[in-house]
Structure formats: C-alpha cells, structure tokens
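Predicted, not measured: the structure shown is a model, and the values here were computed from it. Letters A, B, ... are given to chains in the order of the sequence lines, protein chains preceding strands, and every chain is numbered from 1.
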Amino acid sequence: MLMFDLSMILSLVLMGFLVGILSGFFGFGGGFIITPFLFTLGLPMNIAVGTSIAQITGTAVIGTMRHRGLRHVDVKLGLITTAGALIGVEIGAQLIEYLKRISPEVLDLSVSVVYVSLLGGISIFMSLEAWRSKRESKNEKPRSKTYKIAQQVKIPPLITLSDAGISLISFWLIFFLGLVTGVTAGFVGAGGGFLQVPLLIYLIGCRTTVAVGTNLFGMLIASIYACFSHALKGNVDIFSAVCMLAGSAIGTQIGVSATRHVREENLRLAFGACVGSIALSVVFELLSRVIHISTLGLISQGVLVLTVLSLSSFIIIQAFRLHERFK
Amino acid sequence: MTWRKTAAAALLLLIIFSYYLVLSNRPFIENLKETNNFLYALTSTIIMLTLGLLIGLTWSLLSSPREKPETVHEGEESEKQC
C-alpha cells in the first residue's frame with residue numbers, strides 16, 4: 001500500500017493528466033507509461049499493472065462518452081472487433097505457452113522481435129503515408145492496396161456501419177481484424193490499440209477519428225473485465241487509480257477536443273511518431289538487458305518521458321487553437 | 001443552457017462527494033481487500049466506472065453546442081463521402 005502525501009498525490013494526478021491527453025487523442029490506454037511510473041513510485045509490478053488497468057477503465061469511460069458525443073464511436077464495429085479480440089487474446093496466450101515449452105529464450109526473443117517489428121513497421125508505414133498525404137494536401141481517407149484487397153472480401157453476412165460511414169462490409173473481415181489484434185495483444189502483452197487503430201484506418205477504411213473513438217470503446221469493454229479480474233487477485237490499488245483519474249478527467253477532454261481540430265493526416269503522423277518513439281524506447285530497454293548497460297535503460301525511460309511531454313504539448317496547443325477559433 | 005449548467009454543477013458536487021466517500025473510507029476498503037476479494041473487486045470496478053460516468057456526463061453537459069460534430073475542421077466534407 002502506498003503512503004499518500006501531497007507530492008505523491010500531485011504526481012499521480014499529473015501523470016493521469018498527461019496519459020489522459022494521449023488516451024483521448026490516440027485512443028490507447030497508456031499502460032506502457034503508467035505501469036513503469038507506478039513501479040518507480042514503489043508499487044510491486046503486479047499491482048502497478050492492475051492499478052494501471054483500473055485507471056484505464058475510468059479514462060476509457062470518459063473518452064468513449066466524449067468521442068460518442070462527437071460521433072467518433074461506431075458501437076457495432078467496436079463490439080465485433082472486441083468479440084474477435086477476446087478469442088484472439090486466448091490464441092495469443094496459447095502461443096506463448098507453446099513457445100515457453102520449446103524454450104524460454106526462444107519465447108523472449110520471439111516476443112521482443114514481434115513487438116519491435118510491429119511498432120517499427122506501423123510507425124514507418126503510417127508516418128510515410130501521412131507525410132505523403134500532407135504533402136499532396138489531401139485531407140481524405142487513405143486508400144491503401146490492402147484496403148482495396150479487403151473490399152474484395154464479400155463473405156456474408158454483409159453489414160453496414162453507419163457511424164463509421166461504411167456501407168456493406170463483410171462481418172468476418174471485421175471479426176478477423178479483431179482476432180489479429182487480440183492475438184497480438186495476447187502474444188506481446190500490449191493493449192493492441194497501436195495495431196487496431198491503423199488496421200481500422202487502412203483495412204476497413206475508417207476515418208482516423210472514428211478509429212480512435214471506436215478503439216477506445218473496445219478498450220473500455222476489455223478493461224472492465226481486466227480491472228475486475230486484477231482486483232479479484234488483489235492487484236489493484238484503487239486509491240492511486242482514483243487520484244490518476246482526477247488528472248485524466250481533464251486530460252482526456254483536451255485530447256478528444258484536439259482530435260476535432262487537427263487534420264486527419266497530422267493525427268496519423270503524430271500516431272506514427274508516438275508508436276515510433278515507443279519502439280525506440282523498447283529497443284533501448286532490450287539492449288540494456290542483453291548487453292547489461294544500465295545507461296541504456298535510463299535512455300529508454302528518457303525517450304518515453306520526452307515522447308509523453310512533447311506529444312502532450314502538441315495536443316494541448318491543438319486544443320487551445322480550437323478554443324481560440326470558437327471564441 | 002441554464003439547466004445544463006445547473007445539472008453540470010450538481011454532477012460536479014456529486015463527483016466531489018464520491019471522491020470524499022472513497023478517500024475517507026480507505027481503511028474500510030483496504031480491509032475489504034484482505035477479507036473479501038470478490039467484494040473488493042466489485043467495489044473497485046464500480047468506483048472506477050461510476051467516477052468515469054459522472055465525469056464523462058459532466059463534460060458532456062459542459063461542452064458547448066457549438067462543438068457538435070457538424071462544426072469540424074476544413075476538408076471534412078471529402079471524408080464524409082464513404
């Protein structure tokens with residue numbers, strides 16, 4: 001149990017604020033920031049993970065409600081992808097068990113390689129695509145080759161996603177997308193938002209803001225179950241979570257408001273930059289473990305802190321510009 | 001508009017009261033963690049959901065009608081064609 005003093009409460013609220021901004025803007029939970037932060041505050045790792053999930057539950061409720069108000073959430077799309085993801089997580093976990101039986105070293109190597117490759121690949125792909133769109137000044141939905149191929153899939157039942165603005169798409173395509181996200185989340189242990197948002201944009205053809213809002217909705221469903229499960233095992237420090245929620249209550253609003261002002265390709269560019277920075281941080285962390293140089297571990301944390309601060313500042317400026325425009 | 005502000009103010013008070021309830025009952029909740037895991041899990045999940053809902057609802061009431069989805073940034077028209 002943490003002993004609460006004013007500085008502790010303030011740092012929890014500040015962290016909640018910063019993570020709330022990123023969560024509202026990019027649609028992911030922010031566990032990759034909160035968990036190490038709580039760990040450095042002195043919580044054991046299992047409680048840091050559980051508390052981080054409890055905080056994500058509260059933030060996801062706030063973000064989903066706000067995105068829903070802006071019509072950025074397609075409930076049908078969110079429910080189907082989440083159903084696929086729940087099955088996918090189990091497959092991912094089974095894959096982990098299988099590799100663990102072969103050799104723990106093989107498991108570590110596989111998870112690290114898959115995680116870094118995915119983060120790096122998504123970052124490069126999204127950044128390049130968004131940069132090209134920005135240069136050509138076309139603020140429209142990206143139409144990749146994968147999107148055109150995906151549109152050829154006409155396996156019934158075909159459904160219409162009115163809020164996402166998509167008419168007649170195969171149910172199974174969306175379910176498969178959720179399944180892939182779930183397998184990845186179960187395998188690498190990350191939330192999956194970093195993969196689901198790009199898949200919704202480039203495969204299904206969602207607007208970036210709808211992809212962000214819908215991903216947050218899916219995360220809400222998953223995090224309610226995860227929060228209950230972790231609390232049942234005694235892994236949740238509810239007071240730390242409540243303090244962080246106070247900060248993220250304001251941060252999430254800023255993040256969501258900024259999505260309304262920023263151009264779609266800028267949002268994708270920022271998403272690519274954010275995922276790229278996480279990849280860089282993970283690479284430094286892995287290197288520090290492999291070649292046993294503690295400085296690399298510090299650099300990894302530094303990259304993460306710098307990313308959070310710079311992106312939060314960028315989002316606050318965007319939200320402020322929106323406010324000025326409406327004045 | 002007045003009713004929205006009044007409702008938001010009432011909700012804000014409710015949020016503060018909820019925070020007070022949670023923080024002032026810390027020993028009781030910690031004791032629950034030791035004695036009844038299921039009840040602790042249920043309480044924790046309900047606390048996070050309730051606070052999230054209250055805060056989300058307050059922001060929805062406070063958000064200006066000018067900020068409704070129709071008034072989005074330039075270039076949006078092209079994206080609505082899908």
[atom2] on [Y] to [atom1] on [X], rounded to 0.5 Å:
X	Y	atom1	atom2	result
A:Arg66	B:Ile55	CZ	CD1	14.0 Å
A:Leu232	B:Phe38	CG	CZ	7.5 Å
A:Phe228	B:Tyr40	CZ	OH	12.5 Å

Check your understanding: Pick from B:Leu42, B:Thr43, B:Leu39, B:Asn36: which one has the most heavy-atom pairs with chain A under 4.5 Å?
Key -> B:Leu42

Practice item. Kindly give the heavy-atom pair with the smallest separation between A:Val236 and B:Lys33, and that separation in Å. Key: O-NZ, 3.3 Å

What residue in [options] has the most heavy-atom pairs under 4.5 Å with chain B?
options	value
A:Ala249, A:Gly58, A:Ala241	A:Ala249
A:Lys233, A:Met65, A:Gln55	A:Met65
A:Ile238, A:Thr59, A:Thr252	A:Ile238

Check your understanding: Going by heavy atoms in the side chains, are A:Asp237 and B:Glu30 under 4.5 Å from each other?
Key -> yes

Review point. Which residues from residues 11-25 of chain B are near chain A, with near meaning under 4.5 Å between non-hydrogen atoms?
Key: B:Tyr19, B:Val22, B:Leu23

Study note, to complete from the structure: Within residues 45-52 of chain B, the residues sitting under 4.5 Å from chain A by heavy atom, in sequence order, are B:Thr45, B:Ile47, B:Met48, B:Leu49, B:Leu51, B:Gly52

Review point. Is it the backbone or the side chain of A:Ala246 that comes under 4.5 Å from a heavy atom of chain B, or both, or neither?
Key: both

Check your understanding: Using non-hydrogen atoms only, which part of B:Leu54 is less than 4.5 Å away from chain A: side chain, backbone, both, or neither?
Key -> neither

